[in-house]
Amino acid sequence: MVPSPQALGQMLGALDMIGIAVFAASGALAAARTGQTLVTAIFFALVTGVGGGTVRDLLIGAPVFWVHGSPVAAICVAVASAVWLTPERWWRERALEWLDAAGLAAYAVFGAAKALTWGVPEFQAALMGVLTACVGGILRDVLAGVPSILIRPELYVTAAALAAGLHVALVAAGLPPFVAAFPAAAAGFALRGAAIRFRLALPAYGGKR
């Protein structure tokens with residue numbers, strides 16, 4: 001039995017909240033691993049969870065999504081508290097990377113989808129998806145004082161671009177946005193996961209000729 005559009009829309013909303021939660025968790029975990037306080041962990045979680053979406057909304061002229069009656073800030077606080085209160089041994093060494101991968105794929109798709117609903121042209125909408133997915137992680141790494149995920153060798157922005165671009169392409173081909181979101185997010189997560197597992201990277205600039 002195929003779910004109704006309303007049910008699929010609710011599923012997308014739930015996945016959006018899950019994406020925010022896992023991105024917030026990656027921020028809180030980054031703070032916890034550097035021995036920060038709970039207040040700092042909450043700040044990391046909030047910045048990581050809403051950073052990309054805030055930049056997107058400001059650029060497309062939409063109300064900032066987490067400010068007006070949204071549970072997003074409360075979700076970030078709850079997730080950060082849960083991460084900070086759990087023993088460090090509960091978190092596998094690469095948990096941060098996998099949480100970030102899940103958030104990356106979800107945010108890329110939702111960023112592109114929201115831009116499309118606000119009348120942004122297709123190419124620019126895909127770019128909004130990439131910004132939505134990447135900015136929070138970049139801010140997290142800057143705050144944590146570690147090399148930014150953006151300049152690490154393995155694929156990262158490329159995975160976000162795949163998820164956002166595939167979503168835009170599928171919508172342009174006639175699929176409803178709530179249907180196009182799932183294969184697009186899965187493709188982005190799969191590529192990022194392969195990059196984590198096998199250290200896949202694009203060729204670097206050679207410099208000398």
**OP:** Please report the closest heavy-atom contact between Q124 and V120, naming both atoms and the distance.
**Re:** CB-CG1, 3.6 Å
Original post:
Is V79 close to I75 at the side-chain level, that is, under 4.5 Å between some pair of heavy atoms?
Top reply: yes
Original post:
Minimum heavy-atom separation for A113 to H167, with atom names?
Top reply: CB-NE2, 3.4 Å
**OP:** Any chance you could measure I138, atom CD1, to T48, atom OG1, to the nearest 0.5 Å?
**Re:** 11.0 Å
Original post:
Among all residues two or more places apart in sequence or in another chain, which pass the side-chain contact (heavy atoms from CB on, under 4.5 Å) test with L85?
Top reply: none
Subject >> Residues clustering with W98 (ILVMFWY side chains joined when closer than 4.5 Å, directly or via others) >> reply: F189, I196
Subject >> Those residues that, when tested against W84, pass side-chain hydrogen bond (donor to acceptor under 3.5 Å, both in side chains) (two or more places apart) >> reply: none
**OP:** Apply side-chain hydrogen bond (donor to acceptor under 3.5 Å, both in side chains) to S70 and list each qualifying residue two or more places apart in sequence or on a separate chain.
**Re:** none
Original post:
Do you know the tightest heavy-atom contact between A180 and V171?
Top reply: CB-CG2, 3.9 Å
Original post:
Considering only heavy atoms from C-beta outward, does the side chain of D57 approach that of P63 to under 4.5 Å?
Top reply: no
Original post:
G61 and W118: which non-hydrogen atoms are nearest, and at how many Å?
Top reply: O-CZ3, 3.6 Å
Subject >> Gap separating the OG1 atom of T132 from the CZ atom of F65, nearest 0.5 angstrom >> reply: 8.5 Å
Original post:
Does F182 share a hydrophobic cluster with V109, counting links as ILVMFWY side-chain heavy atoms below 4.5 Å and allowing steps through other members?
Top reply: no
Subject >> Spatial distance of atom CG (L104) from atom CG (L162) [nearest 0.5 Å] >> reply: 10.0 Å
Original post:
Does F23 belong to the same Ile/Leu/Val/Met/Phe/Trp/Tyr cluster as V47, with side-chain heavy atoms less than 4.5 Å apart forming each link?
Top reply: no
Original post:
If you group Ile, Leu, Val, Met, Phe, Trp and Tyr by side-chain heavy-atom gaps below 4.5 Å, do L58 and V50 land in one group?
Top reply: yes
Original post:
Is the shortest heavy-atom distance from the side chain of Y107 to the side chain of I20 under 4.5 Å?
Top reply: yes
Original post:
Among the clusters formed by ILVMFWY side chains lying less than 4.5 Å apart, do V22 and L191 turn up in the same one?
Top reply: no
Subject >> side-chain hydrogen bond (donor to acceptor under 3.5 Å, both in side chains) against R199, all qualifying residues, sequence neighbours excluded >> reply: E154
Subject >> Nearest atoms (heavy-atom pairs only) where A126 meets A164 >> reply: O-CB, 3.5 Å
Original post:
Atom CG of D141 and atom CG of D100: how far apart are they, to the nearest 0.5 Å?
Top reply: 7.5 Å
Original post:
Considering residues at least two apart in sequence or located in another chain, which fulfil the side-chain hydrogen bond (donor to acceptor under 3.5 Å, both in side chains) criterion with S26?
Top reply: R140
**OP:** Identify which one of V55, V130, L150 satisfies the side-chain contact (heavy atoms from CB on, under 4.5 Å) criterion when paired with V135.
**Re:** V55
**OP:** Check A80 against A41 and note the closest heavy-atom contact, atom names and distance.
**Re:** CB-O, 3.7 Å
Subject >> Side-chain heavy-atom pair W66, T54 within 4.5 angstrom cut-off >> reply: yes
Subject >> Spacing of L202 atom CG and L155 atom CG [to the nearest 0.5 Å] >> reply: 5.0 Å
**OP:** State yes or no: do V146 and V142 share one hydrophobic cluster built from I, L, V, M, F, W and Y residues joined by side-chain heavy-atom distances below 4.5 Å, directly or via other members?
**Re:** no
Original post:
Can you tell me how far CD of Q36 sits from CG of L143, rounded to the nearest 0.5 angstrom?
Top reply: 10.0 Å
Subject >> Residue pair L46 / V77, side-chain heavy-atom distance below 4.5 Å >> reply: no
